[in-house]
Amino acid sequence: MIRFEHVTKRYADGTTAVQDLSFEVAAGELVTLVGPSGCGKTTTMKMVNRLIEPTEGRILLDGADIGATDPVELRRRIGYVIQQVGLFPHKTVLENTATVPQLLGTPRARARERAGELLALVGLDPSVYGDRYPEQLSGGQRQRVGVARALAADPPVLLMDEPFGAVDPVVRERLQNEFLALQRSVRKTILLVTHDLEEAVRLGDRIAVYGQGTIEQFAPPTAVLAAPATPYVASFVGADRGLKRLAVTPVVAQDLEPLSEAGPPEGAGQQSRPATDAPGTALPLGSSLREALALLLQEDSGRLPVTDPADGRLLGHLTPESVHRALRRATPAGTAAEPAVQELP
Ligand code: ADP
Ligand code: MG
């Protein structure tokens, strides 16, 4: 969908912001670009909608060289969300959200109707917030409007530069979760810039870890955390990368201690015995290992019941040993040997 081929950007003052970048983002994929300030993330992003032109190399969108595409036409297909949101202060929330579709010729009534749907989608009731002005919203609410506005034109591609940067950590985590749920239904192709590793790991299908103007590793979050490709990536993800990995590794059936062959001691004289050892603290299969560990630590028995999320049926148990095994399983052998970016001719 988006393909960088040997892209280099040198600014007029001689600064090389990015050097020989090659990578590909698949349709419907969310790739996070993460790295310290000044490593070239925003430059990468702005080259996709031609706010900045590459010095060398080329960028393809759906197989077509964007250098040969009219920038205005290009930007119709690419939504852009930035940290400073950039809402029009003199327009209401609903008008702000409807702006782009109206510019593109959608009839006013239809554009406003769609804007209302999108505001609801990002958790802002249009009957409550639609007529407010940006200054009457909190930072987090303004960022939601920014996301709704970017989605309003229904672009297949979204560029998001530190979209949740301006909100406090608690609101931020909620916004991230809502955004992930939204992405599961709209399946846009997304490049999202962040300097926050936790955010990159939580949101990305794959992460591009930037060094100075180059991508050091381009891989799924679990692979980056399990097997950093270079010493730089290892130090960037930190010594606690194992803990971070817990959050992005789901519990699967093979991790569980199986139920005993005989099954629970049914009718063994203890009629009042509940179906699980500790009803209410069972973990649905597919939850993260971090959630599993948190619950396990509260279990005196050291055995956490795991249930089928569909029907609540007991499937087996997790123990500290099985969590440890699950983490080993999630360390794919040979991950570090994968090339950081796809090799190009
Ligand atoms: P990031 O978004 O990762 O913080 P940027 O892409 O904004 O990084 O910047 C990458 C490098 O390019 C930095 O060294 C920055 O100072 C430099 N840079 C960015 N914009 C310009 C510009 N217009 N002129 C010269 N240098 C720039
Ligand atoms: Mg930046």
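When a ligand or atom number is given, it counts from 1 through the structure's own listing order.
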*Could you establish whether Gly40 and ligand 1 come within less than 4.0 Å of each other, counting only heavy atoms on the residue side?*
yes
*In a check of side-chain contact (heavy atoms from CB on, under 4.5 Å) between Leu203 and each of Leu192, Asp196, Val31, which one passes?*
Leu192
*asked:* What I want to check is whether the side chains of Thr281 and Glu299 have a donor and an acceptor closer together than 3.5 Å.
replied: yes
*Applying a 4.0 Å heavy-atom criterion (strictly less than), which segment of Asp13 is in contact with ligand 1: side chain, backbone, both, or neither?*
side chain
_Mode of Thr15 contact toward ligand 1 - side chain, backbone, both, neither (heavy atoms, under 4.0 Å)_ = side chain
*If you round to the nearest 0.5 Å, how far is CD of Glu53 from CD1 of Ile66?*
7.0 Å
*Go through ligand 1 atom by atom and flag the ones less than 4.0 Å from a non-hydrogen atom of Ala17.*
10 (C), 11 (C), 12 (O)
_Students should be able to answer this: which protein heavy-atom is nearest to atom 7 (O) of ligand 1, and at what distance?_
Thr42 CB, 3.8 Å
*Is the shortest distance from atom 16 (O) of ligand 1 to a protein heavy atom below 4.0 Å?*
no
*Would you say atom 27 (C) of ligand 1 touches the protein, meaning some protein heavy atom is under 4.0 Å from it?*
yes
*Specify whether an N/O/S atom of Thr42 falls short of 2.8 Å from the Mg ion (ligand 2).*
yes
*Between Arg75 and Asp70, does at least one N-O distance fall below 4.0 Å, as a salt bridge requires?*
no
*For Gly38, is at least one N or O under 3.5 Å away from an N or O on ligand 1?*
yes
_Among all protein heavy atoms in this structure, tell me which lies nearest to atom 18 (N) of ligand 1, with the distance rounded to 0.1 Å._
Tyr11 CE1, 3.3 Å
_With a 4.0 Å cut-off on N to O distance, would you call Arg76 and Glu73 a salt bridge?_
no
*asked:* Please check: side-chain N/O of Gln141 versus main-chain N/O of Ser138, any donor-acceptor pairing under 3.5 Å?
replied: yes
*What is the nearest protein non-hydrogen atom to atom 5 (P) of ligand 1, stated with its residue, atom name and distance?*
Thr43 OG1, 3.6 Å
*Would you call Glu56-Lys9 a salt bridge at under 4.0 Å N-O?*
no
*Arg149 NZ/CZ over Phe88 ring centroid, <6.0 Å and within 45° of normal*: yes
